[in-house]
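Everything on this sheet refers to the single structure shown next.
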Protein chains: 2
Amino acid sequence: MAAGLARYLASMEAIRQYFNQLVPLEDAEWQAFAACLTKRTVKRKEKILLLGQVCHEVCFIESGSFRFFHEREDGSEWVTAFFFAGDFVTNYRSVITNQPSSHHIEAMQDAVILSIQKADLFRLYLEFHALDRLGRRIAEGLYLTVAHRLDAFLYESPEERYEALLQRNSRLLNEVPQYMIASYLGVKPETLSRIRARR
Amino acid sequence: MAAGLARYLASMEAIRQYFNQLVPLEDAEWQAFAACLTKRTVKRKEKILLLGQVCHEVCFIESGSFRFFHEREDGSEWVTAFFFAGDFVTNYRSVITNQPSSHHIEAMQDAVILSIQKADLFRLYLEFHALDRLGRRIAEGLYLTVAHRLDAFLYESPEERYEALLQRNSRLLNEVPQYMIASYLGVKPETLSRIRARR
DNA sequence: ATGTTTTCTTGACCAAAGTCAACCATTTCT
DNA sequence: AGAAATGGTTGACTTTGGTCAAGAAAACAT
């Protein structure tokens, strides 16, 4: 399995690059983190976290993609975020509060992930200043992302959100069905269809 | 000014309590933080941060109250949050990204605040693991708050948001004008008035 | 107390997105 | 290839909140 090993090493390198952008890590700090990662495969439509479960892990996506979505009592689904190869995916809210997740996390394609358990993560935070700092930077990043998304919902029309998404991530439109894009934009599929028709 | 001194000491104690809930601090860590705080007074309707300015400080409110709001091109104002005695107020997004604020921060009453400059804060983060950790906990808290607010906008009606606010903070309704509550709930004053009328 | 702002309410009308239903188009399965 | 499932479009109608305008009520200043 030389190809598998090569991809694994590439993933590890990708994670280290990602971290180094936020906080430069010494080898010992990095090794301690890397030693906690375990690899597994996930099938398309398989959920790695169910609504109602407490989330115990943070996953790096080596390949494949995921959607993070809420399911309402009436069965309707509302996508909060999409995650692709190179991203981390978790319900960090559930991880830090220990409360049941209000969202599902589901693979949109077959995927390979590297995960770290929250117990290990919290131990690393205590042990290494640099990793706690990294955790701060990551939490700050999550805050910026969700604050920006809130602003988009408060101050922009669905059409403006769609335009902004096009600018930011036109690739997304080819990779996920339009009804999930609509859901992410906070409108019904019919509405997105009409937005697209009148451009 | 014995009364002023007493209130100042009470504020310092309040901040230390607040921090200790998140991360227990040793005396040296606390002293280093406390030494960075400066006190000042703010008049009603005075802005401590203007839209377009980069935010350079984090403020603890000893007395008084503030609103954090966005102003649109058409002049309409949308309140994102209210802050009262015992809270910290800042545009943390602007602090960590160094980008101009997209919101104003304005005193709703005469106020007294204790502020720390971001340069000092970042220095303390580097110097003390416990303070970096505290910063992580605070960033996590901001993330939880804004994620919850986003969920409220995505999954609840204005009426449900109003009910939830009543449960959570009925005091608020007496302390700030109703049109600001409406703004915080994301509706026009007329709409909030009608929501209240039909209960 | 009186007059002036400021805040809140109500009504008539409008615009935007949701609902429901029918119908294409495309992909997938056998 | 043909059937079935999935995804996307369009039309008629409804619902919700916004807009505009007039007034009532409350807060504040002189």
>> For a side chain to side chain contact (heavy atoms under 4.5 Å, CB included) check, start with the C-alpha distance between B:F60 and B:S11, then their side-chain angles and the critical distance, and finish with the verdict.
In response: CA-CA 9 Å; B:F60 177 83; B:S11 291; 4.1 Å; yes
> Checking side chain to side chain contact (heavy atoms under 4.5 Å, CB included) for the pair A:S193/A:E190: CA distance, chi angles, key distance, verdict?
Replying inline: CA-CA 5 Å; A:S193 182; A:E190 295 93 327; 5.5 Å; no
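Judged by distance alone, the side chain of B:S115 and the main-chain N or O of B:C59 form no donor-acceptor pair under 3.5 Å.
Within residues 163-181 of chain B, no residue approaches DNA chain D, by heavy-atom distance under 4.0 Å.
Counting heavy atoms from C-beta outward, A:Q99 and A:V54 have side chains that stay 4.5 Å or more apart.
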List the atom pairs, donor and acceptor, that lie under 3.5 Å between side-chain atoms in residues 179-189 of chain B and the rest of the protein, sequence neighbours left out.
residue, atom, partner, partner atom, Å
B:S183, OG, B:E77, O, 3.3
B:S183, OG, B:V79, N, 2.6
B:Y184, OH, B:R168, NH2, 3.4

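For A:E175, the salt bridge (Lys or Arg N to Asp or Glu O under 4.0 Å) test picks out A:R171, with sequence neighbours left out. Listed by chain and number, the residues in a side chain to side chain donor-acceptor pair (under 3.5 Å) with A:N174 amount to none (sequence neighbours excluded).
Ring orientation note: the planes of B:H103 and B:H70 are tilted relative to one another, at an angle of 30° to 60°. Ring pair B:Y18/B:F88 is tilted by interplanar angle, where 30° to 60° counts as tilted.
The interatomic distance linking A:K45 (NZ) with C:dT28 (P) rounds to 11 Å, in whole Å. We find that CZ of A:R196 is positioned 8 Å from P of D:dG8, with the value rounded to whole Å. Rounded to a whole Å, the CZ atom of A:R44 is 8 Å from the P atom of C:dT28.
With the end axes of the helix from C:dA1-D:dT30 to C:dT30-D:dA1 each set by five pairs, the angle from one to the other reads 40° at 10° resolution.
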> In B/S/- notation, 5' to 3', how is nucleotides 14-20 of chain D contacted by protein heavy atoms closer than 4.0 Å?
Replying inline: ---SSBB
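A centroid separation of 6.0 Å or more is found between the aromatic rings of B:F82 and B:F68.
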